[in-house]
Structures are given as structure tokens and as C-alpha cells.
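Okay, structure first, notes after.
The figures here come from the full heavy-atom set of this structure, side chains too, leaving out hydrogens, waters and symmetry mates. Whatever order the structure lists ligands and atoms in, that order sets their numbers, starting from 1.
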Amino acid sequence: MKIIDAKVVVTSPGRNFVTLRLTTDEGVTGLGDATLNGRELAVVSYLDDHVAPLLLGRDPHRIEDTWQYLYRGAYWRRGPVTMAAIAAVDTALWDIKAKVAGLPLYQLLGGASRERVRTYGHANGRDLPELLDSVRARLAEGYPAVRIQSGVPGLKAVYGVHGTSVDGSPVLHQQARPLVEDWDTDAYLRHTPAVFEAVRAEFGPELPLLHDAHHRLTPVQAARLAKDLEPYRPFWLEDCTPAENQEGLRLVRRHSTTPLAIGEVFNTLHDYQTLITEQLIDYVRSAVTHFGGVTPLRRLFDFAAQYQIKSAVHGPEDISPVGMAAAVHLDLAIHNFGIQEYSGHTPLTEEVFPHAYTFADGHLHPGEEPGLGVEFDEELAAAHPYEAAYLPVNRLQDGSIHDW
Ligand code: CS2
Ligand code: MG
């Protein structure tokens with residue numbers, strides 16, 4: 001079998017998605033997600049100009065060899081653009097292999113280790129009453145765990161909290177220039193324990209509560225927050241520091257038993273080396289889409305498992321249903337699954353990418369269709385072309401840029 005076509009499509013059914021479709025001479029097709037939020041067209045060019053020409057004529061069954069060819073062969077390794085492009089190829093090849101086998105992808109990954117995949121949803125509020133309403137809404141939708149993010153008194157706009165859509169999910173897209181948000185770490189550190197206290201008081205001790213600090217704290221600030229949150233038993237504290245400084249997590253760990261989750265911006269296993277081998281985190285957060293595909297993510301999970309670290313695949317709205325399907329197949333198959341982030345997609349996105357995976361009672365299942373179980377309606381996609389869109393930037397009160 002040979003690859004005869006590699007087509008990259010960028011569409012915006014509510015937000016931008018980059019999709020790769022590989023076609024073989026036997027008519028089998030495979031899909032991959034290459035969406036890099038706010039930098040989509042860089043990946044389109046990487047795929048169109050530098051990857052697609054190399055794929056024509058290759059045997060789609062040689063997934064490992066193709067991955068190594070694209071990763072090692074480029075000489076310029078790693079980085080989000082490169083790894084999103086390789087991820088799309090790897091995912092599309094797994095889709096093809098599983099379709100040829102007539103099996104859902106999870107069967108090729110070892111078969112199901114569980115019946116279904118536990119998720120968490122997002123609750124956001126500009127103030128506490130709004131946040132409590134948002135938690136109530138997520139629980140009514142069946143979510144068994146909830147991430148809580150709140151506005152901070154004195155700050156005008158906090159990421160993911162202000163500008164929330166009707167269902168409570170953040171509106172991050174459709175900004176032709178990055179929106180400017182403000183930040184004050186001391187105010188945030190004072191307020192966040194009170195947020196947990198209010199949510200615990202309302203919903204009791206059992207509900208798993210997560211919180212995302214979006215890389216904004218120094219190690220000593222992160223240590224203080226992790227310690228202050230301990231009485232409320234968070235399920236995890238996410239991205240508490242910019243983890244390029246992996247050693248910084250030693251300080252956080254030394255001061256607190258609050259579980260830590262990191263990795264949504266990482267793109268190779270090397271980014272995790274110290275964090276995993278020194279057991280400085282509890283959950284790895286990478287997505288298939290940004291980590292080079294199903295092949296390396298499976299390796300990351302197996303490596304993490306040796307240190308009792310679990311998976312928690314990144315699953316915001318900017319992972320397309322193709323990337324989400326790949327995640328859910330992995331989640332069902334691996335032993336050290338932890339939890340899956342799931343925000344769902346707009347109804348139009350669901351129409352562009354009809355899929356076999358299902359969400360019911362707060363749990364996902366990949367379905368039994370051969371391959372990933374996702375279709376791509378290219379005609380509908382073409383009716384919703386790319387729109388320039390950026391994530392917000394973050395400034396301190398003196399006007400200087402802060403960590404995102
Ligand atoms: C967030 C994301 O889901 C998360 O945990 O950190 O919403 C993230 O901000 C976006 O994926 C950025 O594109
Ligand atoms: Mg996050």
C-alpha cells in the first residue's frame with residue numbers, strides 16, 4: 001500500500017482547526033489533528049511545504065519508521081510546530097492501520113483496560129456566585145470532576161474566566177489581535193484558597209476539584225499556593241510554574257502534598273525527564289496533537305507508569321475531534337489512565353467532524369468504528385474558512401508582560 005495524497009485543511013467552525021487527510025492507493029484514508037492554537041498557519045506550511053511531499057509513495061503501515069524519518073530526518077528536532085505536524089501524520093497512519101485491520105484503534109493499543117473514560121469539565125465564574133452556578137451546571141451535565149477558575153477581586157479580566165460563553169466555556173477565539181488581560185499574583189494567591197473554601201462548603205468533600213494556574217507562579221509562590229490549598233484536598237494543581245525550569249518543581253514538592261499536573265505545552269518526553277524520574281508531578285498533561293502523535297504519547301505514558309504517574313490528556317476546545325478521538329482510544333487502552341479533560345465542541349464543529357466517540361454520564365468511550373472513528377466533512381469545512389485568532393496576552397499592573 002502507498003500514500004498517494006496528503007491534504008491539509010484549515011477550517012473555523014467556531015474556532016480554527018488544522019486537519020491532515022492521508023489517502024492511500026487502495027482508497028483508505030486517515031485523519032490527523034495538527035491544530036496549534038494561535039499559530040495554526042505555521043503548521044499548515046510545515047506540513048504542506050516540507051512533509052506532504054516526503055509522504056507520497058511511502059508505505060502507510062510503516063508508522064515507526066515514518067515518525068523517526070520526520071523527527072530525526074529534519075535535524076531541527078522538537079518544538080510545537082514540528083511536533084504538531086508529526087502528530088498529524090502519526091495519527092493519520094494509526095487511523096489507516098486500524099481501518100485496514102477493521103478494528104477500533106484502542107484494540108491495536110492493547111485493547112480496553114477499562115469500560116469508560118472519566119472526564120473533568122470546566123467551571124468558570126467572574127465571582128463566587130457565578131462560579132458556584134457554573135459548577136452546578138457541570139454537575140447537571142454529569143461531570144464527575146470539575147476544574148474551578150475564578151475572577152480575582154481587583155483584576156479586570158482573568159484568562160478563561162472573563163468572556164465566557166453561555167455554557168461557561170471560555171471564549172478564546174476570534175480575536176484578530178491578542179486581547180490584553182491583567183494580572184496580580186499576590187491578589188490571586190490571597191483569593192484562590194477562599195475560592196476552594198466556598199466550593200467545598202457548597203458541594204462537600206467528595207467532588208474532585210481541579211485548578212489551573214497557567215504557568216504564572218514562581219516556585220516559591222507555587223509552593224505557598226499548593227500548601228494553602230491542601231486543606232481543601234484538590235484533585236490537582238495544574239501548571240503551577242513555567243515548567244521549562246523543571247528543577248523548580250522540587251521546591252513545590254518539598255512543601256506540599258497537593259497533587260501536581262503539568263505538560264500541555266510540552267512536546268517531547270525530554271521535557272518531562274526530571275519531572276518524571278524525580279517524581280515531581282502526579283499527572284502528565286500532553287495531548288496527542290502537540291506531542292508528536294499516538295506513538296510518542298504511548299511511550300510517555302509507559303515511562304510515567306514506572307513512577308506511578310498517571311495520564312491526564314489535555315482536552316480543551318482547541319483539540320479537534322480528531323485529536324480528541326485519538327486521546328480517548330489511548331485513555332481506554334493504557335493502564336495508568338488518570339482523567340481526561342473534556343470541554344466538548346460547538347454543534348457546528350461536531351457536524352464538520354462526525355465521530356463515533358460518545359460522552360455520557362461524564363464519561364467518554366471511543367466507540368467501535370474501525371480506526372479513530374472520525375469523519376471529516378470537507379465541503380462543510382470549506383464553508384467556514386480560517387479566521388485570524390490569537391490567545392490573550394497577560395500584563396502586570398505596571399504594564400509589563402507576565403507569563404501567559
Ligand atoms: C488550558 C487550555 O485546558 C487547559 O488546561 O490550559 O485551555 C489552554 O489554555 C489552551 O489549550 C491554549 O490553547
Ligand atoms: Mg491547562
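The minimum distance between the Mg ion (ligand 2) and any N, O or S atom of E238 involves atom OE2.
The CD1 atom of I3 sits 11.0 Å away from atom CZ of R62, with the distance rounded to the nearest 0.5 Å. Note that the OH atom of Y272 and the CD1 atom of I262 stand 8.5 Å from one another [nearest 0.5 Å]. We find the OG1-CG distance between T66 and L55 to be 7.0 Å, quoted to the nearest 0.5 Å.
Heavy atoms of L391 found under 4.0 angstrom from ligand 1 belong exclusively to the side chain.
Relative to atom 3 (O) of ligand 1, the option among R15, E341, R147, E238 with the closest non-hydrogen atom is E341. When V265, T35, D239, N37 are ranked by how near their heavy atoms come to atom 12 (C) of ligand 1, first place goes to N37.
Rounding to 10 degrees, one finds that the Mg ion (ligand 2) sits at the corner of an angle of 180° between D212 OD2 and E264 OE1.
A salt bridge does not link K310 to D282: none of the charged side-chain nitrogens sits closer than 4.0 Å to a carboxylate oxygen. Ionic pairing of R285 and E341 is present here: one or more N-O contacts between side-chain nitrogen and carboxylate oxygen are shorter than 4.0 angstrom. Comment: D302 engages R298 in a salt bridge, judged by a side-chain N to carboxylate O separation of less than 4.0 angstrom.
Under the 4.0 angstrom criterion for non-hydrogen atoms, E317 is not in contact with ligand 1.
For the Mg ion (ligand 2), the set of nearby N, O or S atoms under 2.8 Å includes none belonging to E341.
For ligand 1 and D212, the ligand atoms under 4.0 Å from any heavy atom of the residue are 1 (C), 4 (C), 5 (O), 6 (O). Taking every non-hydrogen atom of H214 and a distance limit under 4.0 Å, the qualifying atoms of ligand 1 come out as 1 (C), 6 (O), 9 (O).
By the 30° and 60° cut-offs, the orientation of the rings of F359 relative to Y143 is tilted.
Taking only nitrogen or oxygen atoms, main chain and side chain alike, R285 reaches within less than 3.5 Å of ligand 1.
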